[in-house]
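Report on the following structure.
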Amino acid sequence: MGVAVTGPALAAAVTKEGGGGVLTGVALGYPFQHILNKYNDQKPFEANKLALAEWVKQTKQLCGDGFTGVNIMVAVYDFRDLALTSAKSGVDLIIAGAGLPLALPQIVSDFPDTMIAPIISSVKAARVMVRKWLSKHRPPDAIVYESIHHSGGHQGGSVDDIINGAHQPEEVIGETRRFLDKQGLEDVPIIAAGGAWYKKDIQRFLSMGAQGVQMASRFLLTEECGLEFGGIRLFKKLFVNNDKPTILERSPAGLPGRAISTPFSRRFAELDNKIVNKPHDCPFACLTPCEKKKSIYCILYHLTAALQDNYEDGLFFAGSNVGEPGVSKEILSVKELMGRLRIGEPVTAGKVSLAT
């Protein structure tokens with residue numbers, strides 16, 4: 001979960017309970033400088049690298065040198081530096097999306113033990129990625145399929161794709177599995193992201209041909225999530241009380257997104273023809289597609305505001321399950337949640353309110 005939502009406390013706890021903890025690796029320098037008051041003497045991109053290396057080290061220490069992954073956006077200017085920093089810091093897996101990470105095999109070529117996995121949202125993207133990486137003699141160690149109909153945050157399809165139901169999980173997972181097998185990559189797993197909340201959801205994705213799932217939104221509702229920034233209590237409260245995430249028509253990243261409906265996110269919601277730019281400063285050049293001061297808003301500022309319990313200015317990304325009626329929304333420890341995902345749990349309605 002991007003911009004510091006998934007830190008060492010959550011990632012390490014997941015790994016210790018038998019999963020694979022994945023850190024956010026994007027734009028950490030900004031919240032470190034503006035909230036934690038760290039690396040203030042460093043330029044933004046250098047602060048990003050230092051903060052990422054610090055979090056990888058902390059996660060490894062907390063989980064006894066167990067599995068540690070990092071998720072990085074291809075669309076950030078310092079993607080290459082962040083991927084290289086991750087590999088040098090000893091991460092086990094780099095997951096890369098928000099663009100096709102065509103150059104990732106070359107970036108980590110000196111680190112053959114660092115696993116790499118692209119995020120794809122369509123069969124076409126899977127074919128392009130696999131063929132490109134095979135031409136570099138570096139097949140993917142996994143494929144992460146992120147459903148545009150279920151996952152939170154930026155979506156790898158258009159608003160029309162989302163509305164028209166394109167790239168459904170059954171289609172993309174099945175076709176991608178067949179394509180991988182034809183390429184002799186039977187051992188490369190497909191990891192389904194978006195839409196998994198209960199054990200039954202995991203089983204459904206496995207029945208489609210996936211070999212695992214990547215979960216974000218439900219793990220935000222854990223005691224460990226956001227501890228580095230005070231527990232992100234408003235973020236969790238909005239998840240508990242929200243009815244239906246809204247679709248942002250576009251963001252400075254050039255992609256639609258799925259987020260909690262708030263006064264800020266509704267300004268940029270799906271099919272809103274009255275979108276106007278929000279006057280803002282540009283802290284630093286973080287996204288390659290962003291037009292800086294001409295963009296509609298500064299996404300880095302608003303994602304960081306969410307960590308600070310700022311309802312008016314925060315951008316609170318969320319998966320589709322957050323707004324499903326009857327979905328269990330309890331704040332659990334990672335240990336309790338992982339136990340429920342292993343053995344199953346009753347699917348009952350209910351919400352747990354949080355203090356403001």
Can you confirm whether the side chains of [X] and [Y] place a donor and an acceptor under 3.5 Å from each other?
{"X": "Ser320", "Y": "Glu324", "result": "no"}
{"X": "Asn40", "Y": "Asn37", "result": "yes"}
{"X": "Tyr39", "Y": "Glu54", "result": "yes"}

Rounded to the nearest 0.5 Å, what separates atom [atom1] in [X] from atom [atom2] in [Y]?
{"X": "Met129", "Y": "Ile116", "atom1": "CE", "atom2": "CD1", "value": "8.0 Å"}
{"X": "Ile190", "Y": "Tyr145", "atom1": "CD1", "atom2": "OH", "value": "10.5 Å"}
{"X": "Asn71", "Y": "Met73", "atom1": "CG", "atom2": "CE", "value": "9.0 Å"}
{"X": "Glu170", "Y": "Phe205", "atom1": "CD", "atom2": "CZ", "value": "8.5 Å"}
{"X": "Leu220", "Y": "Phe239", "atom1": "CG", "atom2": "CZ", "value": "4.5 Å"}
{"X": "Lys88", "Y": "Thr114", "atom1": "NZ", "atom2": "OG1", "value": "12.0 Å"}

Report the C-alpha distance between Leu100 and Val74 in whole Å, list the side-chain angles of each, state the deciding distance to 0.1 Å, and finish with yes or no for side chain to side chain contact (heavy atoms under 4.5 Å, CB included).
-> CA-CA 7 Å; Leu100 296 180; Val74 180; over 6 Å; no

Test item: [X] and [Y] side chains (from C-beta on) under 4.5 Å apart, heavy atoms:
{"X": "Lys16", "Y": "Lys335", "value": "no"}
{"X": "Leu315", "Y": "Leu248", "value": "yes"}
{"X": "Pro8", "Y": "Trp55", "value": "yes"}
{"X": "Lys182", "Y": "Phe179", "value": "no"}
{"X": "Gln214", "Y": "Ile95", "value": "yes"}
{"X": "Phe67", "Y": "Met115", "value": "yes"}
{"X": "Gln183", "Y": "Arg178", "value": "no"}
{"X": "Phe317", "Y": "Leu303", "value": "yes"}

Residues at least two apart in sequence or cross-chain that pass side chain to side chain contact (heavy atoms under 4.5 Å, CB included) with Pro44, listed by chain then number, are Phe284

Sorted by chain and number, sequence neighbours left out, side chain to side chain contact (heavy atoms under 4.5 Å, CB included) with Ala27 holds for Leu300

On a heavy-atom basis, which atom in [X] and which in [Y] lie closest, and how many Å separate them?
{"X": "Pro140", "Y": "Val130", "value": "CG-CG2, 4.2 Å"}
{"X": "Ser261", "Y": "Lys244", "value": "CB-O, 4.1 Å"}
{"X": "Arg218", "Y": "Leu341", "value": "NH1-CD2, 4.2 Å"}

Within a reach of under 6.0 Å around CZ of Arg138, are more than 12 heavy atoms found that belong to other residues, nucleotides or ligands?
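Yes - once you tally the heavy atoms of other residues, nucleotides and ligands closer than 6.0 Å, there are more than 12.
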
ask   = In this structure, are over 12 heavy atoms from other groups packed under 6.0 Å from Lys136 atom NZ?
value =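 Check passes, neighbour count above 12.
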
Before we go on, tell me: are the rings of Phe264 and Tyr297 under 6.0 Å apart, centre to centre?
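Yes, they do, as the ring centres are separated by less than 6.0 Å.
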
Hey, is [X] close enough to [Y] for a salt bridge, meaning N to O under 4.0 Å?
{"X": "Arg340", "Y": "Glu330", "value": "yes"}
{"X": "Asp92", "Y": "Lys60", "value": "yes"}
{"X": "Asp201", "Y": "Arg204", "value": "yes"}
{"X": "Glu46", "Y": "Lys49", "value": "yes"}
{"X": "Lys38", "Y": "Asp41", "value": "no"}

So the salt bridge (Lys or Arg N to Asp or Glu O under 4.0 Å) pairs with at least one residue in residues 184-193 (sequence neighbours excluded) are none

Check: Is it the case that one hydrophobic cluster holds both Val22 and Leu221, taking links as side-chain heavy atoms less than 4.5 Å apart, direct or via other members?
Finding: no

Is there a path of hydrophobic side-chain contacts, each under 4.5 Å between heavy atoms of I, L, V, M, F, W or Y residues, that connects Leu93 with Leu28? no

Worked verdict on Ile260 versus Ser265 for side chain to side chain contact (heavy atoms under 4.5 Å, CB included): CA-CA 7 Å; Ile260 294 293; Ser265 66; 5.9 Å; no

Which of Ile232, Leu10, Leu23 passes side-chain contact (heavy atoms from CB on, under 4.5 Å) with Val5? It is Ile232

